[in-house]
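Here the structure is laid out as structure tokens; the discussion comes afterwards.
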Amino acid sequence: MRFDLITIFPEFFVGPLDHGILRRARETGLVDVNIQDLREFTKDRHRTVDDRPFGGGEGMVLKPAPLFEAVESLLGHGVGDAAQPVEQDLKTAIVLLSAAGKLFDQRTARRFAQLDRILFICGRYEGVDERVAANLATDEISIGNYVLSGGELPAMLILDSVTRLLPGALGNEASSQNESFAAPMHRAETELAKNDSPGMPEPAQASAARLLLDFPHYTRPAEYRGWSVPEVLIGGNHAEVAKWRNEAALEKTRRNRPDLLGE
Ligand code: SAM
């Protein structure tokens, strides 16, 4: 899968792409990440990418022309104009990061993971000329109900969450299928396979229908400062462990994210 990051701060991405799963995915060729300096698509000697807002008001706005031209150059073809818009390739997303966009979630990550390519447009200043959202981007995405200084962190966050869903990105495929927000069917199937038992325990069946947070994880030591690992996890009974994990995931979801359960 290919990712293009269009930004006025190309150095921003030095570091975040060089560790762990992302680094391995790049090294093995599972993902190809290209960082595009937006200023290469300016024509004046100050390499101006922004301008004052029509109608007055605070701050500066990213101009449409460098963004349209950067995207067209990366795609290798034009995107048209108001008179003749060009159909976009359905396997490519052009994602505008925006606090005013649709909220990003695991379902969107899964949709993006089916694509061949994602171009990220990282906004700055007061934001981006609206014609980019309306006529260039296929998706206008927010990562949460708060305002950041730029789209670089949001783009990184989406790139990370999509990469780990690509087959082969994680050592163990079951890990992404069994995480928080995993599709209920995936969760159910993984639990069944792990159980190796003829039927799934009741709580697993009940929770499989809902979007749950991950179950709590523990590692050694079994006792730390007087806090013990739940006994059932040490006992070696896989069916009991699966049952406990489903109940614990449900309890944690109820405690931290009751909205997921409609409560
Ligand atoms: N004036 C804008 C508003 O009130 O919605 C905020 C602009 S923000 C300071 C600059 C850029 O940061 C945006 O164009 C966008 O690319 C990015 N950004 C800020 N918050 C974001 C969020 N929650 N999700 C995605 N991108 C965000």
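Read the numbers this way: they start at 1 and go in the same order the structure lists the ligands and their atoms.
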### Summary
ligand 1 to Tyr125, heavy atom cutoff 4.0 Å, flagged ligand atoms 7 (C), 8 (S), 9 (C), 10 (C)
### Query
Under 4.0 Å from any heavy atom of Leu97, which atoms of ligand 1 are there?
15 (C), 16 (O), 26 (N)
### Query
ligand 1 and Ala100, any nitrogen or oxygen pair closer than 3.5 angstrom?
no
N/O donor to acceptor pairs below 3.5 angstrom from side-chain atoms of residues 142-155, sequence neighbours left out:
| residue | atom | partner | partner atom | Å |
| --- | --- | --- | --- | --- |
| Ser142 | OG | Gly144 | N | 3.1 |
| Ser142 | OG | Gly144 | O | 3.0 |
| Tyr146 | OH | Ile143 | O | 3.3 |
| Glu152 | OE1 | Arg124 | NE | 3.1 |
| Glu152 | OE1 | Arg124 | NH2 | 2.9 |
| Glu152 | OE2 | Thr7 | OG1 | 2.6 |

### Task
Give the atoms of ligand 1, by number and element, whose distance to some non-hydrogen atom of Ile141 is under 4.0 Å.
25 (C)
#### Entry: Protein contact of atom 2 (C) of ligand 1 - nearest heavy atom, named by residue and atom, plus distance
Glu126 O, 3.4 Å
### Query
Does atom CD of Glu27 have more than 12 heavy-atom neighbours, drawn from other residues, nucleotides or ligands, at distances under 6.0 Å?
yes
#### Entry: Closest candidate by heavy atom, reference atom 14 (O) of ligand 1, pool Pro53, Gly151, Cys122, Gly123
Gly123
### Query
Would the number of heavy atoms belonging to other residues, nucleotides or ligands and lying under 6.0 Å from CD of Gln84 be above 12?
no
### Message
Is it the case that atom CD in Glu11 sees more than 12 heavy atoms from other parts of the structure closer than 6.0 Å?
### Response
yes
### Selected option - heavy-atom contact closest to atom 23 (N) of ligand 1, from Phe120, Phe104, Tyr146
Tyr146
### Task
Please determine if Lys252 and Asp214 form a salt bridge, counting it only when a charged side-chain N lies under 4.0 Å from a carboxylate O.
no
### Message
As an exercise, state the distance from CZ of Arg2 to CG of Asn34, rounded to the nearest 0.5 Å.
### Response
4.5 Å
### Task
Report the nearest protein non-hydrogen atom to atom 24 (N) of ligand 1: residue, atom name, distance rounded to 0.1 Å.
Ile143 N, 3.0 Å
### Task
Using a strict 4.0 Å threshold on nitrogen-to-oxygen distance, state whether Arg131 and Asp129 make a salt bridge.
yes
## Note on the structure
The closest protein heavy-atom partner of atom 26 (N) of ligand 1 is Ser98 N, 3.3 Å
### Message
Please determine whether side-chain contact (heavy atoms from CB on, under 4.5 Å) holds for the pair Thr138 and Thr92, giving the CA-CA distance in whole Å, both sets of side-chain angles, and the decisive distance to 0.1 Å.
### Response
CA-CA 9 Å; Thr138 57; Thr92 297; over 6 Å; no
### Message
Any non-hydrogen side-chain atom of His77 less than 4.5 Å from a side-chain atom of Glu72?
### Response
no
### Task
Can you sort out which atoms of ligand 1 are near Gly150, meaning under 4.0 Å from one of its heavy atoms?
11 (C), 12 (O), 17 (C), 18 (N)
### Task
Begin with the C-alpha distance, continue with both residues' side-chain angles, and end with the deciding distance and a verdict on side-chain contact (heavy atoms from CB on, under 4.5 Å) for Val95 and Phe112.
CA-CA 10 Å; Val95 174; Phe112 284 167; 3.8 Å; yes
### Task
Select one of side chain, backbone, both or neither to describe which atoms of Ser142 lie under 4.0 Å from any atom of ligand 1, heavy atoms only.
both
### Query
Which heavy atom of the protein is the closest neighbour of atom 8 (S) of ligand 1, given with residue, atom name and distance?
Leu148 O, 3.2 Å
### Query
Which atoms of ligand 1 have any heavy atom of Gly127 under 4.0 Å away?
14 (O)
### Summary
Heavy-atom nearest pair, Leu96 first then Ala133, reads CD2-CB, 3.7 Å
### Query
Does the protein put any heavy atom within less than 4.0 Å of atom 4 (O) of ligand 1?
no
### Query
Who's the nearest protein heavy-atom neighbour of atom 22 (C) of ligand 1, and how far?
Ala99 CA, 3.6 Å
### Query
Does any N/O atom on Gly144 come nearer than 3.5 Å to any N/O atom on ligand 1?
yes
#### Entry: Under 4.0 Å to a heavy atom of Val147 - the qualifying atoms of ligand 1, by number
6 (C), 8 (S), 9 (C), 20 (N)
